[in-house]
J.: 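The structure's right below; bear with me while I get my questions together.
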Amino acid sequence: MTNTTTRLATWNVNSLNVRLPHMLQWLNSDAADLVAVQETKLTDDRFPVDALTEAGWHSAWHGQKTYNGVALISRSPIEDVTTGIPGFDDTQARVIAGSVGELRMICVYVPNGQAVGSDKYSYKLEWLAALRRYIADSLREHPRLVVSGDFNIAPTVDDTHDPDRWEGNILCSDAERAALAALLDTGLTDAFTCVEPPEQRFTWWDYRQGGFRRGHGLRIDHHLISAPLVEAFGDFRIDIEPRRWERPSDHTPVICELRGN
DNA sequence: ATGGTTGCTCCGCAA
């Protein structure tokens, strides 16, 4: 038997400590083969490697105290793991990359930016410029590249529930969208655009104001895939179920299925 | 709503 598909996922779990039962349940439901995880909020010594190993998964992690933290979780072994953006001095744990077979995945937790014009917004734009350089360099070495994660950018007006509330504000400003477009200009495609847009296209709903119940969401979690992966593209879907579970993350998993690998 | 929730930590900050 040959393995005919690889399902890539990205999921901002908003604390892997709190969400580990959800993650294990979701992994055990055979939902994905390789998962980019953001906001683990765990120092490296507290990463739940034993629970994941017992469940049959390989993992790699890059964490810090209280905030941020990223990880890769995979059925197959993960090789050549690197953390951070080369040449970009960052005290925040937001990037981990690894190879599974011929595939290279860069898992990113892009800064939120807080508010347009703030110091955190400047950091976000500088960070995205550094990520662009990193992606361009990575593509030369790894033609089969996917950049998956919480980008904290809604690409278009259709990716928000309320343009009056969001257009021009944080996650939806022109400069952020231009920075995302610059990432794509390196030779990547938003896997979401490889299928007909589904009715439900959001990936995050604010905990506040009953955001999920009211459908007040955004599409900010993405898979950016290189040209060889577009050739292998099979399917794209947003798995809304974990957002319905008790004590959920504010984000839900997003899956990109590739043929082959 | 410039915030009504959540998670972490030390009780404010980040999202």
J.: Less than 3.5 Å between a donor and an acceptor, one on the side chain of Arg165(A) and one on the base of dG3(B), is that the case here?
T.: yes
J.: Taking atom C1' in both dA15(B) and dT9(B), what distance in whole Å separates the two?
T.: 15 Å
J.: Provide the distance between the two C1' atoms, one in dC11(B) and one in dT2(B), to the nearest whole Å.
T.: 22 Å
J.: Rounded to whole Å, please give me the gap between CG in Asn17(A) and C1' in dT6(B).
T.: 14 Å
J.: Could you state the CG-P distance from Asn14(A) to dC13(B), rounded to the nearest angstrom?
T.: 19 Å
J.: Please determine if a side-chain N or O atom of Arg247(A) lies less than 4.0 Å away from the OP1 or OP2 oxygen of dG7(B).
T.: yes
J.: Between dA15(B) atom P and Asp150(A) atom CG, what is the distance in whole Å?
T.: 10 Å
J.: Report the distance from atom CD of Glu39(A) to atom P of dT9(B), rounded to the nearest whole Å.
T.: 13 Å
J.: Compare side-chain N and O positions of Thr66(A) against OP1 and OP2 of dA14(B) and report whether any pair is under 4.0 Å apart.
T.: no
J.: With sequence neighbours excluded, tell me which residues meet side chain to side chain donor-acceptor pair (under 3.5 Å) with Arg132(A).
T.: none
J.: Using whole Å, report how far NZ of Lys41(A) lies from P of dA14(B).
T.: 12 Å
J.: Under 4.0 Å, heavy atoms only, any strand: does Tyr109(A) hit a base, just the sugar-phosphate, or nothing?
T.: sugar-phosphate
J.: So, does Lys120(A) get its side chain near the phosphate of dA14(B), meaning an N or O under 4.0 Å from OP1 or OP2?
T.: yes
J.: On DNA chain B, does the nearest nucleotide to Arg46(A) precede the nearest nucleotide to Trp204(A) from the 5' side, or the other way round? Give the residue.
T.: Arg46(A)
J.: Counting heavy atoms from C-beta on, name the nucleotide in dG7(B), dT5(B), dT9(B) closest to the side chain of Tyr67(A).
T.: dG7(B)
J.: Measure from CD on Gln64(A) to C1' on dG7(B) and round the result to the nearest Å.
T.: 14 Å
J.: Between Gln209(A) (CD) and dT5(B) (P), how many Å, whole number?
T.: 9 Å
J.: Using a 4.0 Å heavy-atom cut-off across all strands, classify Asp206(A) as base, sugar-phosphate, or nothing.
T.: base
J.: Would you compute the distance between atom CG of Asp190(A) and atom SG of Cys256(A) and round it to the nearest 0.5 angstrom?
T.: 9.5 Å
J.: If the cut-off is 4.0 Å, is Arg19(A) near the phosphate of dG7(B), judged by side-chain N/O to OP1 or OP2?
T.: yes
J.: With DNA chain B as reference, determine whether Asn152(A) or Gly210(A) sits nearer its 5' end, using the nearest nucleotide of each.
T.: Gly210(A)
J.: Rounded at 0.5 Å granularity, tell me how far CG in Leu229(A) sits from NE2 in His223(A).
T.: 11.5 Å
J.: So which atom in Ala51(A) and which in Leu20(A) form the shortest heavy-atom distance, rounded to 0.1 Å?
T.: CB-CD2, 4.1 Å
J.: Expressed as a whole number of angstroms, how long is the span from Trp245(A):CH2 to dT6(B):C1'?
T.: 19 Å
J.: When rounded to the nearest 0.5 angstrom, what distance separates OH in Tyr109(A) from OG1 in Thr40(A)?
T.: 10.5 Å
